[in-house]
Amino acid sequence: MHRRFLVPGALAAASVLLAVPASAAGASPGAPGIGDPYYPAYGNGGYDVSHYDLRLTYRPATDELAGTATILARTTEDLSSFDLDFLLDVSEVRVNGTAAAFARSGEHELVVTPKAALAKGTPLTVVVRYSGVPSTKSAYGFSTWHRTPDGAVAADEPESAWWWFPSNDHPLDKATYDVSVAVPDGTQAISNGTLQSTTSRLGWTRWTWRQNKPQATYLATLALGRFDLTTGTSEGGVPVVNAYSKDLGDNDGAARASVERTGEIVDWLSGVFGPYPFSSAGGYVPNTTTGFALETQGRVYYSPRQFANGANTSVVVHELAHQWYGDSVSLKGWKDIWLNEGFARYAQWLWSEHEGEGTAQELADYVYASHPADDAFWTVKPGDPGADKQFDIAVYDRGALAVHALRKEIGDEAFFAVLKGWPRSRAYGNADIADFRAYAEQVSGKRLGALFDTWLYQPSKPAEAAARAGLTARVPVVRPAAWKKIEATNGVHGH
């Protein structure tokens with residue numbers, strides 16, 4: 001949902017080995033990127049993170065953030081050094097209790113050189129002490145740290161971690177989290193998962209959150225400011241925590257009328273996609289000037305602008321659908337974005353049908369007929385759109401057409417079995433489109449290569465395949481009642 005340009009791979013700094021155990025005699029620097037062709041410098045090679053423990057202090061008036069990150073990981077190769085993705089000022093790094101050298105490289109790399117080389121399979125405890133003013137930091141010409149009148153928010157895609165904690169910043173390396181933040185009394189710190197405790201001392205309150213299921217780094221969020229928190233439990237038993245900035249103005253009512261339906265929508269989506277995969281649900285609406293929403297795991301970020309024209313449950317459905325498609329099952333590479341966005345958009349179509357505001361077929365007809373054959377819309381390939389088109393509207397709308405075409409091809413019984421079985425089969429892991437196709441073929445007993453090629457990879461408007469999906473090319477097609485709300489969420493991704 002954010003930056004659409006390729007980033008050159010950063011070069012790891014050269015390191016001198018001070019002591020090399022025999023088992024790591026051939027050690028070399030870990031790669032400064034995890035290997036994603038869309039974002040070559042994102043993530044890092046040579047290790048796998050299992051847990052992040054972040055203990056932070058934040059001063060809203062000056063935007064000063066300070067703290068200690070403890071990262072638990074394991075090496076996946078013999079390493080002489082390794083990279084972390086990070087922008088703030090580092091004062092100390094320790095690896096397995098021993099001070100390590102560190103240096104900057106490229107736009108956002110922190111190169112860590114342990115005192116001794118690390119053999120493959122070595123457990124790591126990496127401690128990073130740091131501080132800084134996140135709003136003064138940028139990389140590749142942008143920032144994903146959003147200042148508010150009473151604090152700040154970290155939320156963006158495909159990157160946001162660099163501004164507040166060091167990480168292996170790619171969805172392939174998911175981990176659990178403990179996030180503990182001290183803020184002045186009267187200020188709240190909101191993050192993912194469940195609230196473990198709040199403790200106050202000498203004018204400061206520490207908020208401690210735990211995400212006990214694997215989470216991609218871009219789905220980790222931090223909101224700092226003055227919020228009104230609401231808590232409850234859905235009818236299906238899912239704890240719900242929502243938060244609203246106390247200065248939302250005219251958008252306050254519409255925001256609450258939308259986000260307070262989270263529990264109801266989670267329960268409904270559980271009927272479509274299977275049991276809710278996380279320990280809590282909810283969302284927060286800070287007083288930001290941004291225009292997007294983001295499926296931050298278990299605690300969705302919403303811009304107030306999403307509710308400028310009134311309540312909109314469709315955007316809530318979209319972001320909550322991601323909890324199954326994108327959060328629990330995360331993409332292997334950013335080219336697989338259809339697995340996130342095509343299904344979240346189709347969930348909006350199903351919600352429209354549920355609400356009696358237009359069936360999925362009517363919405364598919366409308367989208368198909370609204371774009372003539374020479375529209376650039378059809379040149380975007382949802383199955384591999386390119387970094388510059390990763391969040392193009394075609395990934396969402398043409399992507400949803402592909403989901404609908406799959407439904408028509410295999411029939412409702414197999415289709416809904418796929419929708420529900422896929423998140424269970426890949427829970428808390430990663431997958432690509434080839435994995436999903438194989439699963440759909442297994443469940444349906446049909447060969448689906450031609451269908452996937454036509455709807456996801458051909459840069460042209462499908463004709464014969466559209467007829468098989470029951471789509472009409474007649475113009476005009478009656479616009480379904482839900483379309484205005486669905487279209488309003490397009491701005492969620494157009495930034």
State whether [X] and [Y] are salt-bridged, where the test is any N-O pair (Lys NZ or Arg NE/NH1/NH2 against Asp/Glu carboxylate O) under 4.0 Å.
{"X": "K137", "Y": "D89", "value": "yes"}
{"X": "D327", "Y": "K213", "value": "no"}
{"X": "D384", "Y": "K335", "value": "no"}
{"X": "R256", "Y": "D252", "value": "yes"}

Is it true that atom [atom1] of [X] has more than 12 heavy atoms of other residues, nucleotides or ligands lying nearer than 6.0 Å?
{"X": "N309", "atom1": "CG", "value": "no"}
{"X": "R59", "atom1": "CZ", "value": "no"}
{"X": "R55", "atom1": "CZ", "value": "no"}
{"X": "D250", "atom1": "CG", "value": "no"}
{"X": "R261", "atom1": "CZ", "value": "yes"}

Legend entry - Chi angles and distances behind the side chain to side chain contact (heavy atoms under 4.5 Å, CB included) call for W163, T144: CA-CA 7 Å; W163 282 261; T144 67; 3.1 Å; yes

Do [X] and [Y] have ring centres separated by under 6.0 Å?
{"X": "W351", "Y": "W268", "answer": "yes"}
{"X": "H170", "Y": "Y38", "answer": "no"}
{"X": "F165", "Y": "F86", "answer": "no"}
{"X": "Y284", "Y": "Y301", "answer": "yes"}
{"X": "F436", "Y": "F343", "answer": "yes"}
{"X": "W324", "Y": "F273", "answer": "yes"}
{"X": "Y244", "Y": "F227", "answer": "no"}

Inset, instruction - In sequence, state the C-alpha distance, the side-chain angles, and the governing distance for D85 and N44, and then conclude on side-chain hydrogen bond (donor to acceptor under 3.5 Å, both in side chains). - result: CA-CA 8 Å; D85 301 302; N44 306 288; 3.1 Å; yes

Legend entry - Test item: S234 side-chain N/O and V238 main-chain N/O as donor-acceptor pair under 3.5 Å: yes

Legend entry - Polar side-chain atom of N96 near backbone of T125 as donor-acceptor pair, under 3.5 Å: yes

Inset, instruction - Start with the C-alpha gap between L195 and T198, add the side-chain angles, then the distance that decides, and say whether side chain to side chain contact (heavy atoms under 4.5 Å, CB included) holds. - result: CA-CA 8 Å; L195 182 62; T198 56; 4.0 Å; yes

Inset, instruction - Determine, stepwise, if the pair I71 / N168 fulfils side chain to side chain contact (heavy atoms under 4.5 Å, CB included). - result: CA-CA 10 Å; I71 304 168; N168 192 13; over 6 Å; no

Inset, instruction - Hey, could you give me the CZ/CG distance between R437 and L339, rounded to the nearest 0.5 Å? - result: 13.5 Å

Inset, instruction - Going by the side-chain hydrogen bond (donor to acceptor under 3.5 Å, both in side chains) test, name the single residue among W162, Y42, Y39 that passes it with D169. - result: W162

Inset, instruction - Decide yes or no for L54 and W164: does some side-chain heavy atom of the first lie under 4.5 Å from some side-chain heavy atom of the second? - result: yes

Inset, instruction - For the pair W209 and W207, name the ring-plane relationship: parallel under 30°, tilted 30 to 60°, perpendicular over 60°. - result: parallel

Legend entry - Any donor-acceptor N or O pair under 3.5 Å, side chains Q306, N312: no

Legend entry - side chain to side chain contact (heavy atoms under 4.5 Å, CB included) between E77 and L79, worked out: CA-CA 6 Å; E77 59 188 77; L79 290 177; 3.7 Å; yes

Inset, instruction - Please determine which of L224, D247, T288 meets the side-chain contact (heavy atoms from CB on, under 4.5 Å) test together with T148. - result: T288

Legend entry - Verdict with supporting geometry, R74 and D48, salt bridge (Lys or Arg N to Asp or Glu O under 4.0 Å): CA-CA 5 Å; R74 184 176 294 271; D48 182 77; over 6 Å; no

